[in-house]
Amino acid sequence: MTESQKPISTQQLNFAGLSRADYRGLQSTLCQGCGHNSIASQIIAACFELGLKPEQVVKYSGIGCSSKSPTYFLSRSFGFNGLHGRMPSLALGGSFGDISLKGIGISGDGDTASIGLGQFKHLVRRNLPLVYIVENNGVYGLTKGQFSATAERGLKLKKQGTNPYLPVDIAMEALVANASFVARSFAGDPKQVKELIKAAFSHKGIAVIDIISPCVTFNNQEGTIHSYTFGKDHEDPLHEISFVPARDEIMVQDFEEGTVREVEMHDGSTIILKKLEADYDPTDRWQALRILQEAQENNWLVTGLIYFNPEPPSIYDLFNLPDEPLNRMVESQLRPAKSVLTDINQSLR
Amino acid sequence: MEPKKIVPYWKKDRKNATVNEFAMAIATINGSGSATANNILLRTLFRMGIPVSGKNIFPSNIQGLPTWYTIRASADGFVGRSEVDDILVAMNPASIVDDIRRLAPDGVLFYDDAITIPATRQDISVYPMPVKQLSRAADVAPALREYVANMVYVGVLTVILGIDLDILKQTLSDHFHGNEKAVSSNFGVVTAAAEWAKSNLKKIDHFHVEKIDKCQGCIMADGNAAGALGSIFGGVQFVAWYPITPASSLAEGLNENLPRLRQDPKTNKDTFAVVQAEDELAAIGMATGAGWAGLRAMTSTSGAGISLMSEYAGLAYYTEVPIVVWNVQRVGPSTGLPTRTSQGDLTQAYFLSQGDTRFIILIPGSVNECFEFGWKAFDIAEHYQTPVIVLSDLDLGMNQWMTPDFVYPDKPFDRGKILWEEEFEKIKETWGRYKDLDGDLIPYRTVPGNKHPNAAWFARGTGHDDYANYSEDPEVWEAGLKRINDKVLSSREHLPQPVVEKMDGAKFGIILMGSAEPAVNEARAILAQEGLPSDCLRVRALPLASSVKDFIQAHPRNYVIELNQDGQLCQLIKLELDCPGELISVAHTDGMPLSARWIHEQLTAREAK
């Protein structure tokens, strides 16, 4: 961007020399009070604070209320609103255009856990570097209040009666599919949401964040597990999370000795987890599975960084890709010489 | 001089000497390793300069069921399917009774002498082959004996038909890339069988082959390999696919050839990525993402796969994303006949997905054209910013065909209206992703990675305006959809144009597409010498060129010959071209490639009326 194009602003500028306004999207058309709006705000805040240029970010989504939200943040980023439940494949192909870009996918519980469970799990298994946010409210909003696959058994909805089936636990599905970054959060805990998103952007692989995001219109009854009141009363954070980008120095004196756990990320960033009641080690997959199981059995809304492993190769590591983005390549790099075809013809005689 | 008279293969006199003219069926058990033997036989004949084709009639099974490999040799160059077999090589006891029953009058039988043959035919020439005895003597591990056993019939055939052993040995050597052990063990069986045949068999039939020079400038390949190579020369950068017969070998051809043909010599890095997806919808989803992000992206599929892909195809159509989809057609509906051929997906492909759509379709008619359309499809897709579906079929895709050499692309890449930072800066004030700035219905696109702060846009399958913003406005919707439709239609004169072949005094026209060509050409030649010369037009793309209309109107009757039940090409011509000419559908589908005999019968009967 040239100097003259920069918005004239007295606002604070970030590391990339941009103001918060540069990260805005269009006005939300979701319901007042929808959890998804709060998540969109935290995506804006996270990208601004990280100093990611909007041009470096590519947005993907499926279909549903959640999937409308990519237009409510980062208007200067490319985005693709794909098919219901099939955003993962779109994001995978789109990412190969220029692997230096950062992808963020926004999905919902219907989109990921019902129609899209297959593509979701295959994307996780392939470890595409992508911030994969599920805005989970247990209900279909756009079609006016049907059960989704994450709705709890026994949930009563106005026109649907009682849900007879057990729910899909997105974090657990991600974990058993070998996700390398699994988190759960609550739209009513914006600071945690923001810090998790920041950490997710630094992860070299799939980063699944299952965010309980209440639907104020169809599924916000007192006591149901996707409601604001349930979240407020039952949220049980594993730790207080803060993200420190590689460029910043960690001020150890900020923390009392033995009260924090530092997790190094692949790009040199650090996730700082401040211990709460009990120590929790997010690099232990067994412990992660156990905590999810216990949360399920005891009706806790367990939040925070559930599992993290910076080691597994990302899908890009499995290819012999050049530094130059594939989508900038030209004919001379892509069409073999005439003599090559002459040899091929010769070999087929 | 009178032109040489063609004897229709179904009227052949097998009691007199016939040189370089036969149809042979090799009946084996699938999974018994006869593919190498059959390919060697086919390529040796080709290298003797004899026009040939090889078709594998195989079951949807891995091991144990009957399978037939048919070879047609024709000095006249007629290598379409012959449903009449002059020569049968019987290696499968399970099918031998039927196989012998189907053998042509005065045909020739070679059989594994371990099989008891029925004494049903007195008219045929019979040659036993001591397969077990000869393969037991072979210098191979016991586990491989069954495989080299197939070389016994190759060896016996060299003697009885007169196949050149030196050429055969070279062909084996090329097949095994010079692996001497493999060459010597196989060739050992061939020579042992040949020696045995010389000493023990007396030639009693009338078929033989001799070297001629009718294959100059030709290669032998299958359409899937050609499509893969063509795509590579078209600069394919991203491939996503899911295994399905008969399309798998196209993606496998990409997997095999991309690493050796498309690594940057300076950086030793790959300029491509291939991903095997979890299903066909994911495969086209990946391709759509990649096409949107500015890559030359493709997928390949067939049958159920194209149905599964239809939802993403519609999204790519409406968001104007260039992708290339190969549909190597097999027989539907449903799972249908997965290992048999058809031209039954034409209408589906043209109008794929919900709502009003119209896709650009390319229909290669030869292996050589599979190569050509392989690279052209990317230029067309990027030029028009729309998916291009290449409709091949199993017969073209999986069978070996003699075809003219692949021709190096005669045009540079057409990347279409794609803007990077500098060019974008010049038109940023007026630009909208879907705005028709040039009045040619094709807007300018930008792709992720473009760092200009105004270059981004949001792709969506929902209603959108010129700026890609969400819109439910009736006028916006109607105008947007119409522009895309008109854009696709505007391609009609710029796609591969129909190929027309004329005859003096033509009495009618024939319209066809794709792999129907060899059978149609043969039928036309025979009809012409019976007093029914015809002109012929081969459709190579949809939307249809206007010259199709001219052709129709220039003939009193036009037969549209195709391999499907409904006469889909005929239906589309009627639908798309407002022309008063007479169109008669001549269509059928039974899983087998069209034959000259069937076409001849159909047209003779209709012309007699």
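Residue numbers begin at 1 in each chain, while the letters A, B, ... track the order of the sequences.
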**Request:** Answer yes or no: is there a side-chain heavy-atom contact under 4.5 Å between Phe80(A) and Thr319(B)?
**Result:** yes
In short, ring pair (Phe, Tyr, Trp, His ring centres under 6.0 Å) pairs touching residues 312-341 of chain A with sequence neighbours left out are Phe96(A)-Tyr316(A), Phe96(A)-Phe319(A)
(message) Is the shortest side-chain heavy-atom distance between Arg126(A) and Val275(B) below 4.5 Å?
(response) yes
Here the pair of heavy atoms bringing Gln333(A) nearest to Thr271(B) is O-CG2, 3.9 Å
What I'd like to find out is whether the side chain of Met286(B) reaches to under 4.5 Å of the side chain of Leu90(A), using heavy atoms alone. no
**Message:** Side chains of Lys269(B) and Leu321(A), heavy atoms from C-beta outward: is any pair under 4.5 Å?
**Reply:** no
Looking only at Arg335(A), Lys53(A), Gln119(A), Glu55(A), the option with the highest number of non-hydrogen pairs under 4.5 Å against chain B is Arg335(A)
Does any part of the side chain of Phe238(B), heavy atoms only, come nearer than 4.5 Å to the side chain of Leu92(A), both counted from C-beta?
yes
Heaviest contributor of heavy-atom pairs below 4.5 Å to chain A, chosen from Arg262(B), Arg47(B), Arg460(B), is Arg262(B)
Highest number of heavy-atom pairs under 4.5 Å with chain B among Met87(A), Glu324(A), Arg86(A) belongs to Arg86(A)
Ranking Thr71(A), Leu83(A), Leu326(A), Asn81(A) by heavy-atom pairs under 4.5 Å to chain B gives rank one to Leu83(A)
Taking the side chain as everything from C-beta on, heavy atoms only, tell me whether Asp405(B) gets closer than 4.5 Å to Thr342(A). no
pair Leu348(A)-Met220(B): side-chain heavy atoms closer than 4.5 Å:
no
Most heavy-atom pairs under 4.5 Å with chain A, out of Trp375(B), Phe458(B), Tyr470(B), belong to Phe458(B)
Given Val58(A), Leu101(A), Thr29(A), the one with more heavy-atom pairs under 4.5 angstrom with chain B than any other is Leu101(A)
Self-check item: Pairwise side-chain contact, Arg76(A) with Asn454(B), heavy-atom cut-off 4.5 Å (strictly under)
Solution: no
One option among Gly79(A), Ser61(A), Gly97(A), Gly94(A) has the most heavy-atom pairs under 4.5 Å with chain B, and it is Gly79(A)
